[in-house]
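Naming convention: chains lettered A, B, ... in sequence-line order (proteins, then strands); numbering from 1 in each chain.
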Amino acid sequence: MNDRVAEPAVTRPTRTVIRVQTDDFDVGAEMTALRAGSAAIGAVASFVGVCRDRNDGADVAGMTLEHYPGMTERALAKIADEARGRWDVIDIAMVHRVGPLRPTDQIVLVIVTSAHRGEAFAACEFLMDYLKTRAPFWKQEATPDGLRWVDARTSDDAAAERWR
Amino acid sequence: MNDRVAEPAVTRPTRTVIRVQTDDFDVGAEMTALRAGSAAIGAVASFVGVCRDRNDGADVAGMTLEHYPGMTERALAKIADEARGRWDVIDIAMVHRVGPLRPTDQIVLVIVTSAHRGEAFAACEFLMDYLKTRAPFWKQEATPDGLRWVDARTSDDAAAERWR
Amino acid sequence: MLQLLYFARLRERFERDAERVALPAGVADVAGLTAWLRERGDPWVTELAPGRPVRVAVNQDMADAATPVADGDEVAFFPPVTGG
Amino acid sequence: MLQLLYFARLRERFERDAERVALPAGVADVAGLTAWLRERGDPWVTELAPGRPVRVAVNQDMADAATPVADGDEVAFFPPVTGG
């Protein structure tokens with residue numbers, strides 16, 4: 001130990017990136033851009049949600065994601081603000097696709113940067129749990145029995161409740 | 001609900017990627033390669049550890065990572081096996097750099113793929129906590145006062161203890 | 001006027017994604033507006049029946065039955081969200 | 001013979017990263033081998049003193065004081081790990 005002062009603040013403004021888009025995203029490029037310019041970052045936790053070929057026991061040939069333009073970005077920004085109030089994070093990125101998607105396509109990306117890993121992991125999982133229950137997106141799947149709207153999961157509500 | 005059978009097993013063998021290397025890694029490329037060929041994956045959780053410019057109250061100009069060749073790979077493989085015994089994960093990648101590193105350089109990458117996000121997040125955090133306390137790597141930092149070996153953190157021991 | 005929006009299953013059942021209506025007499029909150037919509041009969045009375053999993057946002061913030069509704073507001077009706 | 005390895009701070013203090021030694025008479029476990037190394041005096045007796053944060057691996061698996069040591073083993077001494 002020594003008597004140097006505590007860690008300095010981040011030397012650039014923190015970043016909050018929120019985007020809703022039909023195009024795919026490049027995880028590596030998003031991560032590189034998000035953490036650029038801050039040597040205070042020691043931890044980068046991320047999550048990518050991917051379209052599966054099965055759900056609730058049925059084959060899924062693809063899905064279409066609908067959203068509420070305007071409210072979506074607003075809801076995501078509120079969720080990011082709430083994460084910042086709970087953990088000492090530096091940057092947050094939340095990118096969500098809409099429109100038609102097929103199995104193995106990327107759906108959503110959340111990245112959190114922080115000085116330390118515990119806060120990055122917790123904030124990243126929190127952001128996903130809240131996004132799943134509070135951001136206005138709806139999935140419609142194409143199955144052999146036709147199109148069906150995906151039902152909200154009680155497990156997602158339970159996951160979000162953990163953070164109360 | 002319907003009477004279809006439960007979800008099928010992954011249609012390709014699971015992957016466990018373990019590498020110790022001096023070269024940098026490309027997070028996006030590692031992620032793409034790891035999950036390629038499985039439409040059963042719905043969640044990809046990842047963590048990147050980054051070299052900071054400050055640690056324990058001192059400026060850090062850079063660090064050198066030493067390891068125990070042979071044991072390192074063996075220890076990482078055991079940690080990956082333990083994660084598989086605890087959670088229903090599909091693929092695991094653990095890539096750790098050794099040699100000289102500078103602030104903002106990537107140090108370690110852990111990626112976990114799974115059908116669902118809860119297991120991917122938990123396994124990814126577990127892998128990092130166990131890597132931090134059980135894989136034979138040692139950091140030596142260059143500070144204004146000279147070279148110093150980084151002391152193990154009691155907070156890392158506490159993080160690993162959570163999983164017992 | 002109110003701007004009403006419908007998403008996902010409700011958009012399909014109501015066969016519209018939006019409509020403009022005059023603020024109905026006596027309607028002051030989400031509960032009142034929902035009751036007024038139910039008076040249209042099916043599919044409104046079914047989809048908006050008490051206990052159905054319907055969410056409401058007023059001016060793009062999540063709302064509940066007691067949230068006030070006033071002239072000029074944007075009120076959206078939709079099922080529980082399923083993104084991510 | 002035993003293959004002894006030293007890493008990080010211990011490698012520096014002992015001024016070697018490896019050495020081959022004959023299995024000392026009477027040494028059957030990690031505790032015995034550590035006691036035998038302490039007989040070399042400083043820096044061994046200091047760095048390997050009871051209570052110091054030293055970890056030991058036998059044949060590349062983490063070991064404790066009671067882990068057996070036999071002819072042909074690889075035994076490594078190092079500080080608590082700090083990777084990641």
- Quick one: pull up CD1 in A:I41 and CG in B:D53 and give me the separation to the nearest 0.5 Å. 10.5 Å
Using a 4.5 angstrom heavy-atom cutoff, name the option from [options] with the most pairs to chain A.
options	result
B:G49, B:C124, B:A120	B:C124
B:A36, B:G37, B:A43	B:A43
B:I107, B:V50, B:V110, B:T104	B:V50

- Do the two ring centres, one from A:F47 and one from B:F121, sit under 6.0 Å apart? yes
Determine the option with the most heavy-atom pairs under 4.5 angstrom with chain B, choosing from [options].
options	answer
A:A45, A:S155, A:G118	A:A45
A:G28, A:A29, A:A39	A:A39
A:P103, A:C51, A:S46	A:S46

- Item | Trace of the side chain to side chain contact (heavy atoms under 4.5 Å, CB included) decision for A:Q106 with B:V44 | CA-CA 10 Å; A:Q106 301 183 124; B:V44 184; over 6 Å; no
- Closest contact, heavy atoms only, A:D129 versus B:R117: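 Reported closest heavy-atom pair: OD1-NH2, 2.7 Å.
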- Query: With only heavy atoms counted, which part of B:D151 is less than 4.5 Å from chain A, the side chain, the backbone, both or neither?
  - Reply: neither
- Between B:A159 and chain A, which part of the residue has a heavy atom less than 4.5 Å away: side chain, backbone, both or neither? side chain
- Item | Residue A:R102 versus chain B: region with a heavy atom under 4.5 Å |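 The answer is neither part of A:R102.
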- Decide yes or no for B:R35 and A:V48: does some side-chain heavy atom of the first lie under 4.5 Å from some side-chain heavy atom of the second? no
